Amino acid sequence: MDTVNELVLGIETSCDETGVALVRNGELLADVTATSMDEYARYGGIIPEIASRAHLESFVPTLDAALEKAGVTLADVDAVAATAGPGLVGPLTVGVSAAKALALALGKPFYGVNHIIGHIAVDELVHGDFPEKFVGLVVSGGHSHLLLIKNIVSDVVELGGTLDDAAGEAFDKVGRLLGLPYPGGPHVDRLAKEGDPTAIRFPRGLTSGKNQALHQYDYSFSGLKTAVARHIEGLQQRGEEIPKADIAAGFSEAVADSLVGKAIKACELNDCDTLVIGGGFSANSRLRALAEERAAKRGITVRIPPIRYCTDNGAMIAALGWEMVRNGVDPSPLNITVDTGLEREVTILR
Ligand code: KG4
Ligand code: ZN
């Protein structure tokens, strides 16, 4: 594959992070992120209207900071990539509009790319080129998907995904049940380290019998979340103390066991020796440890980017944009809109 020296600008605004990054020839020159996350703690969730306004406020300062850090100017940019979906309509529209305007003003191509695939693509900036085929697991607050990837720009097959809650979402809900601050995921993770993961065995959805056969690569976390709620209710009714750390540990174990079990199976059944994990939930310590442990036993390599590249950022979009450029993919037309539910297999929007 040819390497190209084009300078690619990546823009990410699908949720609450305004991310702008610059990549040249697989090298990340700058990656700057502004977030409106702090504004949502009192609501217990993201407010799309607030996020859209925050992107409008932050975009130009974030762009300027990225250009300055990379030591380049807008005139040096050869291609502009932005997240076209999936995500929230207002936030996506801000980023795509900005990207189109820049591409038009600079007379350069525009690529409206898939956020989920970006979560995988970013790993190339850290660990180098991908193998010929591999399995990707994208886990975040809104997504849990298992992908078979033969070409990051043109051949992505969705093997399965969550039927209900995403992994991060389930953690945030259990965080609320345990009285922890929003977003609960990192707090539950921290608490789990103090608990005994074998003290309470919570169910692993879709991992046995007919459900497993029908949903070989799918996940379900809502039953697990309900099981945690029932367990807490039972203790409360009996006036017993709630062993929060053991609950967090048992719950974390169930989620990690489900995610890793099916991801490893996907590698084995599809002859892949590499598993790439991305998305904000890959910060989860139990997921990381269990993936390493089980993969090592089977000779599978696990690639997980550093945490700052797992949460939403511009680098993931610049990485995927760079792949589009070096693979000679046709740019997106400038009249595309955004696609809040963009299918996992669509790498670029047209
Ligand atoms: O990818 P991300 O930053 O945003 C989305 O696109 O959703 O993912 C954030 C999600 C949140 O649900 C957060 O609670 C969860 O990932 N999370 C964690 C951990 N760090 C973040 N969940 C469990 N353990 C963690 N260490
Ligand atoms: Zn994401």
Side-chain angles (χ1 to χ4, degrees), residues 3-37 55 58-72 74 76-87 91-92 94-96 98-99 102 110-130 136-143 149 152-153 276-283 303-327 329 347-348:
T3 49
V4 286
N5 283 313
E6 265 91 348
L7 180 65
V8 181
L9 175 69
I11 297 168
E12 155 60 32
T13 62
S14 65
C15 195
D16 57 327
E17 257 96 31
T18 312
V20 179
L22 287 142
V23 163
R24 178 184 276 139
N25 205 8
E27 191 195 340
L28 184 62
L29 304 182
D31 177 36
V32 181
T33 308
T35 179
S36 52
M37 177 51 100
H55 287 305
S58 305
F59 180 73
V60 173
T62 309
L63 171 68
D64 284 344
L67 291 167
E68 194 187 325
K69 187 145 185 249
V72 298
L74 268 182
D76 298 318
V77 170
D78 297 299
V80 183
T83 301
L92 284 171
V94 176
V96 165
L102 286 169
F110 159 68
Y111 299 85
V113 303
N114 189 318
H115 176 88
I116 301 299
I117 300 171
H119 271 304
I120 296 293
V122 71
D123 187 66
E124 260 192 321
L125 303 180
V126 183
H127 295 121
D129 283 355
F130 289 132
L137 173 65
V138 180
V139 269
S140 73
H143 303 280
I149 301 167
I152 194 90
V153 296
V276 179
I277 306 181
F281 185 80
S282 43
R303 291 172 49 157
I304 309 178
I307 290 166
R308 66 182 183 283
Y309 301 132
C310 288
T311 51
D312 292 350
N313 61 75
M316 56 193 265
I317 302 309
L320 188 51
W322 167 66
E323 276 289 4
M324 296 285 166
V325 172
R326 81 160 166 167
N327 280 279
V329 175
T347 57
I348 178 165

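Fair warning: this is a prediction, and the values are worked out from it, not measured in the lab.
When side chains are defined from C-beta on, Arg24 does not count as touching Asp78, because their heavy atoms never get closer than 4.5 Å. Residues Thr83 and Leu92 are in side-chain contact: their nearest non-hydrogen atoms beyond the backbone lie under 4.5 Å apart.
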Requested in this report: Apply side chain to side chain contact (heavy atoms under 4.5 Å, CB included) to the pair Ile348 and Val153, showing each step before the final yes or no.
Outcome: CA-CA 8 Å; Ile348 178 165; Val153 296; over 6 Å; no
**Report entry** Stepwise side chain to side chain contact (heavy atoms under 4.5 Å, CB included) check, Leu320 with Tyr111
**Finding:** CA-CA 9 Å; Leu320 188 51; Tyr111 299 85; over 6 Å; no
Under 3.5 Å donor-acceptor pairs involving side-chain atoms of residues 63-70, not counting sequence neighbours:
none

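Smallest separation of non-hydrogen atoms from Ser58 and Thr18: CB-OG1, 3.7 Å. Pairing each heavy atom of Leu125 with each of Ala315, the nearest pair is CD1-O, 3.8 Å. Across Asn114 and Ile116, no two heavy atoms sit closer than the pair OD1-N, 2.8 Å. Smallest separation of non-hydrogen atoms from Gly136 and Ile120: CA-CD1, 3.8 Å. Scanning both residues, Gly321 and Ala81, for their nearest heavy atoms gives CA-CB, 3.8 Å. Of all heavy-atom pairs spanning Ala84 and Val96, the tightest one is CA-CG2, 3.9 Å.
Formation of a donor-acceptor pair under 3.5 Å by the Asn327 side chain with backbone atoms of Val329 is not found in this model. With hydrogens and angles ignored, the 3.5 Å screen pairs no side-chain donor or acceptor of Asn25 with any backbone N or O of Asn5. Of the possible donor and acceptor atoms, none in the side chain of Glu27 sits under 3.5 Å from a partner among the backbone N and O of Leu29.
Here the rule is side-chain contact (heavy atoms from CB on, under 4.5 Å) with Val77, and of Val8, Leu102, Leu22 only Leu22 fits it.
Note: Met316 CE to Leu28 CG = 13.0 Å, rounded to the nearest 0.5 Å. Asp312 contributes atom CG, which lies 4.5 Å from atom CD of Glu12 (distance to the nearest 0.5 angstrom). Here the CG atom belonging to Asp129 is positioned 11.5 Å from the CD1 atom belonging to Ile152, to the nearest 0.5 angstrom. Atom CD1 of Ile277 and atom SG of Cys310 lie 9.0 Å apart (nearest 0.5 Å). Atom-to-atom distance recorded for Ile149:CD1 and Phe130:CZ is 7.0 Å, nearest 0.5 angstrom. One finds the CD atom of Glu124 at 4.0 Å from the CD atom of Glu323 (value rounded to the nearest 0.5 Å).
Residues Thr13 and His55 have side chains that never bring a donor and an acceptor to within less than 3.5 angstrom of each other.
Scanning for side chain to side chain donor-acceptor pair (under 3.5 Å) contacts around Asp123 gives His127, Arg303, with sequence neighbours left out. By the side chain to side chain donor-acceptor pair (under 3.5 Å) test, Thr35 is found to be paired with Glu17, residues two or more places apart in sequence or in another chain being considered.
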